[in-house]
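Okay, structure first, notes after.
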Amino acid sequence: VQHSSGFGDGARVNIAVAASGEQLERSYQVRDPLTGLTQQVKPDESTASKTATLKMSFKPSSSLKLITGLYLDDFNTFNSPCCPGVVADSDSKSRTQAGQFIATQQLDDDNTLQARVYYVDTHVDRFAASVSVGPGIGEAESSTDLSRSGVELIYRNPEIEGFNTQIAFGLGYETANFKNGYLVLAPYPLDGTTEPQVLDYPGQGNKRDITYLLLDARTVLADERWSVNYGGRLDEYSDEGTVLTPRLGFIFQPSENSAFKLLYNKAFRAPSIGERYSVVDLNIDPETLDSYEFVFLTGGRHWTSEIVLFENHWNDAITFALDASQPAGFTYTNTGKNEAQGVEASLSWQPDGPWRFDVSGSYVKSRDIITGQNYELFPRTMASIGIERRFDSLGADLTISNHIFDQVKDTNLTTSEDLPLYWRTDLVFTKSFSKKLDIHINVINVFDRNNRWPSVLGFTEGIADRSFT
């Protein structure tokens, strides 16, 4: 349910409330933690979510705009996978509350200054039964409370006179807190003879402070067919040190309808505060990603197309791993050096009339540089085919989309096998009855194919996709 209402001079309130739930008919190959034997199970798996947002905007003057917003989200899963190769009565409940305030001041015709203040609080409860997360462990219950807050100031100038340059730069401060967390472990089998262990996460009460500077700019050269995009971010972490993540792009437009782009971007992710402080003596590095892209864009009156060649270098990826030496039975670790190369292509065609066609595809090859092994949990080939038909006399619209991928393994285990071709057809029908009433009908997996996704948790034969819905 959504409602928007204007009042006064330039003021508006937007309210949205949503609730959804889904019963998931999925099967898994799972391992019994006591016997080591595997079996096929189909748990009574489901999800439920509730969200609410409130946004208010005001214009106290012609040059000042104020926006404030509140956000609440509850997301629950029941009887879902929790640990590699194991599933049974695994539930999770997360609750997120957030708020922000934004003030934008128009300094003159070109320059603006924006200030933002925000706060996010997240509480997560998890319960898993009949899992082997450590020697003799049969049930695990955990609870964590995390929060982060910050302030940011950004200046924007859409055109620096005499320099053909658009620029935005800013500075900010953020603090993240691991407020508290605990873990309860019970023995397996559950015979009632041993008391559960109650463990406090070792890092509760810790916090991380981040101070940062950012720059985003574009300069058009003397030959206006050429432009340069450049910028980056400089972060000072209280627990990770100083990090610079630059980005650079050269753009050449030989004609009005075509362009070549050569792009570089460096990304950085420090261990989250939950990862950093939920394990004893965690010693892992931040993960980094260097990406290189060559892009060609062209089009005409009725069509547009794009081709992208890319190469990514992903180092020290942070992953979850079982570890019996840890009190909680798990840890986080880096997974070395990885690289990926590939090509993406897309074409959109909308001739005169009611039809529209969209086709896209990609080919990606990934491998671990240290071991030389290919990464096969991401499809090597993917394609998407969409057809849209307008019925102007009926005030209706019909869209049929096909999602296809192939050449992917079912699990990350050494005994993994190829999954069959994934092909799902979805349909969306929209009918407009008036300016105040639209009806949408979505049909997912029209032909009810038994599609399966790869499983990062080691479930052989992968994870079943959604059935006809």
Side-chain angles (χ1 to χ4, degrees), residues 22 225 229 249 251-263 291-312 340-366 378-408 418-435 437-454 462 464-469:
E22 183 175 8
R225 297 178 302 171
N229 291 356
I251 302 172
F252 175 61
Q253 292 183 270
S255 68
E256 183 179 348
N257 296 324
S258 61
F260 295 89
K261 299 181 181 181
L262 185 61
L263 309 173
S291 63
Y292 307 84
E293 294 186 5
F294 176 75
V295 183
F296 173 63
L297 300 162
T298 189
R301 178 169 173 264
H302 295 294
W303 62 280
T304 60
S305 66
E306 179 180 28
I307 298 177
V308 181
L309 304 176
F310 65 87
E311 178 165 322
N312 298 327
Q341 302 89 23
V343 58
E344 301 173 347
S346 63
L347 172 66
S348 294
W349 179 44
Q350 187 168 6
D352 292 328
W355 294 92
R356 177 186 172 94
F357 303 89
D358 294 283
V359 180
S360 64
S362 65
Y363 176 86
V364 182
K365 187 174 182 180
S366 308
F378 188 84
R380 185 164 293 188
T381 55
M382 301 179 68
S384 177
I385 304 171
I387 303 173
E388 182 180 352
R389 174 67 159 88
R390 297 192 319 273
F391 300 90
D392 294 333
S393 61
L394 300 176
D397 188 277
L398 175 67
T399 302
I400 300 174
S401 57
N402 294 272
H403 308 281
I404 307 161
F405 67 72
D406 200 7
Q407 294 181 276
V408 63
D418 290 331
L419 285 175
L421 175 71
Y422 178 104
W423 190 322
R424 195 178 88 184
T425 302
D426 299 337
L427 181 150
V428 178
F429 178 78
T430 303
K431 166 68 176 174
S432 179
F433 290 91
S434 68
K435 291 183 178 180
L437 177 62
D438 291 334
I439 290 181
H440 306 269
I441 299 175
N442 297 350
V443 182
I444 298 171
N445 198 359
V446 173
F447 301 109
D448 201 23
R449 285 177 55 91
N450 184 26
N451 294 311
R452 304 190 74 83
W453 288 91
D465 190 29
R466 297 177 68 175
S467 57
F468 173 84
T469 305

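- Residues Ser255 and Ser258 share a closest heavy-atom pair of OG-OG, 2.7 Å.
- Partners of Phe391 by ring pair (Phe, Tyr, Trp, His ring centres under 6.0 Å), not counting sequence neighbours: none found.
- Evaluation of the side-chain hydrogen bond (donor to acceptor under 3.5 Å, both in side chains) rule for Asp418 yields Lys409 as partners, not counting sequence neighbours.
- Residues passing the ring pair (Phe, Tyr, Trp, His ring centres under 6.0 Å) test with Phe294: none are found, sequence neighbours excluded.
- For Glu306, the side chain to side chain contact (heavy atoms under 4.5 Å, CB included) criterion is met by Val295, Leu297, Val308, Ser346, not counting sequence neighbours.
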Could you check His302 against Trp349 for side chain to side chain contact (heavy atoms under 4.5 Å, CB included), going step by step and ending with a plain yes or no? CA-CA 6 Å; His302 295 294; Trp349 179 44; 4.1 Å; yes
Could you give me the CA-CA distance, side-chain angles and deciding distance for Thr298 and Phe260, then say whether side chain to side chain contact (heavy atoms under 4.5 Å, CB included) is met? CA-CA 9 Å; Thr298 189; Phe260 295 89; over 6 Å; no
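- Once rounded to the nearest 0.5 Å, the distance linking OH of Tyr292 with CG of Leu309 reads 15.5 Å.
- A donor-acceptor pair is defined here as one N or O able to donate and one able to accept, closer than 3.5 Å; no such pair exists between the side chain of Asn229 and the backbone of Gly249.
- Between Asn445 and Arg466, the closest heavy-atom pair is ND2-O, 2.9 Å.
- Heavy atoms of other residues, nucleotides or ligands lying less than 6.0 angstrom from NZ of Lys431 number more than 12.
- Taking CD from Glu311 and CD from Gln341, the interatomic distance works out to 4.5 Å, rounded to the nearest 0.5 Å.
- Remark: Arg225 CZ to Phe252 CZ distance equals 4.0 Å, nearest 0.5 Å.
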Which atom pairs, one a donor and one an acceptor, fall under 3.5 Å between side chains of residues 394-408 and the rest of the protein, sequence neighbours left out?
residue, atom, partner, partner atom, Å
Asp397, OD1, Thr399, OG1, 3.4
Asn402, OD1, Trp423, NE1, 3.0
Asn402, OD1, Thr425, OG1, 2.7

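- In this structure, the separation between OG on Ser305 and CG on Leu347 is 6.0 Å, given to the nearest 0.5 Å.
- Between Ile307 and Val343 the shortest heavy-atom distance is CG2-CG2, 4.3 Å.
- To the nearest 0.5 Å, atom CZ of residue Phe296 and atom CG of residue Leu262 are 15.0 Å apart.
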Could you give the side-chain donor-acceptor pairs of residues 350-363 under 3.5 Å, partners two or more places apart or in another chain?
residue, atom, partner, partner atom, Å
Gln350, OE1, Arg356, NH1, 3.2
Arg356, NE, Asp358, OD2, 2.9
Arg356, NH2, Asp358, OD1, 3.2
Asp358, OD1, Ser348, OG, 2.6

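- Within the model, atoms CZ of Arg449 and OG of Ser467 stand 14.0 Å from one another, a figure rounded to the nearest 0.5 Å.
- Scanning both residues, Pro454 and Leu419, for their nearest heavy atoms gives N-CD1, 3.5 Å.
- Annotation for Trp453 and Asp465: closest pair NE1-OD1, 2.9 Å, computed over non-hydrogen atoms.
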